[in-house]
Amino acid sequence: MDLVGRSVEQEWPVTSADTANAVGSGSLPVLGTPRLLAWLEATTCAVIDPALPEGSTSVGTRVDLEHLAPTPVGGRVTCSAVVTGQTSRAVTFAVMARDDRGADVARGTITRVVVDAERFLARLA
């Protein structure tokens, strides 16, 4: 499973449910960082999921994210993720988000680790 270079873009509308005041990360009616991070992680999953063996999944283990600009309700954000590195189980992504005005909203890196889903969940018992 060689993923380096694979990428995906996904677009998301910003609604009132996505704002900082709605998700508890501030008091302003602009895109909240937790929601933005969730969208970026969903985008990394869209890259890796089709390549995973049956019974496997990936879990997020590391995030380094700069939220650079506010996005208002009604705006749209395009999130992109490209695989920049891979070890036996860890996959590193460069992530970026841009709004519909062309402004850079965020950039950073996310690392996900491939795990056996059943074995991973058994650790909770």
What's the verdict on side chain to side chain contact (heavy atoms under 4.5 Å, CB included) for Leu31 and Thr19, showing C-alpha distance, side-chain angles and the deciding distance? CA-CA 4 Å; Leu31 177 60; Thr19 62; over 6 Å; no

Trace of the side chain to side chain contact (heavy atoms under 4.5 Å, CB included) decision for Ile110 with Leu37: CA-CA 10 Å; Ile110 295 176; Leu37 174 57; 4.2 Å; yes

List the steps, then state whether side chain to side chain contact (heavy atoms under 4.5 Å, CB included) holds for Leu36 with His67. CA-CA 8 Å; Leu36 176 58; His67 193 162; 3.7 Å; yes

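Under a hydrophobic clustering in which Ile, Leu, Val, Met, Phe, Trp and Tyr are joined whenever their side-chain heavy atoms come within less than 4.5 Å, directly or via other members, Leu3 and Leu40 fall into the same cluster. Under the 4.5 Å side-chain contact rule for hydrophobic residues, Leu65 and Val82 do not share a cluster. Val4 and Met96 fall into different hydrophobic clusters, defined by Ile, Leu, Val, Met, Phe, Trp and Tyr side-chain heavy atoms under 4.5 Å apart, directly or through other members. Taken together through direct or relayed side-chain contacts under 4.5 Å among Ile, Leu, Val, Met, Phe, Trp and Tyr, Val14 and Leu28 form parts of separate hydrophobic clusters. Cluster annotation: Leu52 is connected to Phe93 through the hydrophobic network of ILVMFWY side chains, with a link wherever side-chain heavy atoms come within less than 4.5 Å.
Atom OG1 of residue Thr78 and atom CG of residue Asp99 lie 9.0 Å apart, to the nearest 0.5 angstrom.
No side-chain heavy atom of Thr92 sits under 4.5 Å from any side-chain heavy atom of Val83. Val105 places none of its side-chain heavy atoms less than 4.5 Å from the side chain of Leu68. In this structure, the side chains of Val77 and Trp39 come closer than 4.5 Å at one or more pairs of heavy atoms.
Glu41 and Gly60 make their closest contact through OE2-CA, 3.9 Å (heavy atoms, listed as atom of the first residue, atom of the second, distance). Contact detail for Pro70 and Arg101: the closest heavy-atom pair is O-NH2, 3.4 Å. Closest heavy-atom contact between Gln10 and Ala46: NE2-CB, 3.7 Å. Taking each heavy atom of Ala94 and Thr84 in turn, the nearest pair found is CB-CG2, 3.7 Å. Among all heavy-atom pairs drawn from Ser56 and Val114, the shortest one is CB-CG1, 4.1 Å. Taking both residues in full, the closest heavy atoms of Cys79 and Thr43 are given as CB-OG1, 3.5 Å, listed atom of the first, atom of the second, then distance.
Counting only residues at least two apart or in different chains, salt bridge (Lys or Arg N to Asp or Glu O under 4.0 Å) contacts with residues 60-75 comprise Glu66-Arg107. Sorted by first then second residue, the salt bridge (Lys or Arg N to Asp or Glu O under 4.0 Å) pairs that include residues 19-29, not counting sequence neighbours, number zero.
Using modelled atom types, no side-chain atom of Arg89 and backbone atom of Val113 make a donor-acceptor pair closer than 3.5 Å. Listed for the Asp104 side chain is no donor-acceptor partner under 3.5 Å among the backbone atoms of Ala106.
Asp18 and Arg35 are joined by a salt bridge, as a carboxylate oxygen and a charged side-chain nitrogen come within less than 4.0 angstrom of each other.
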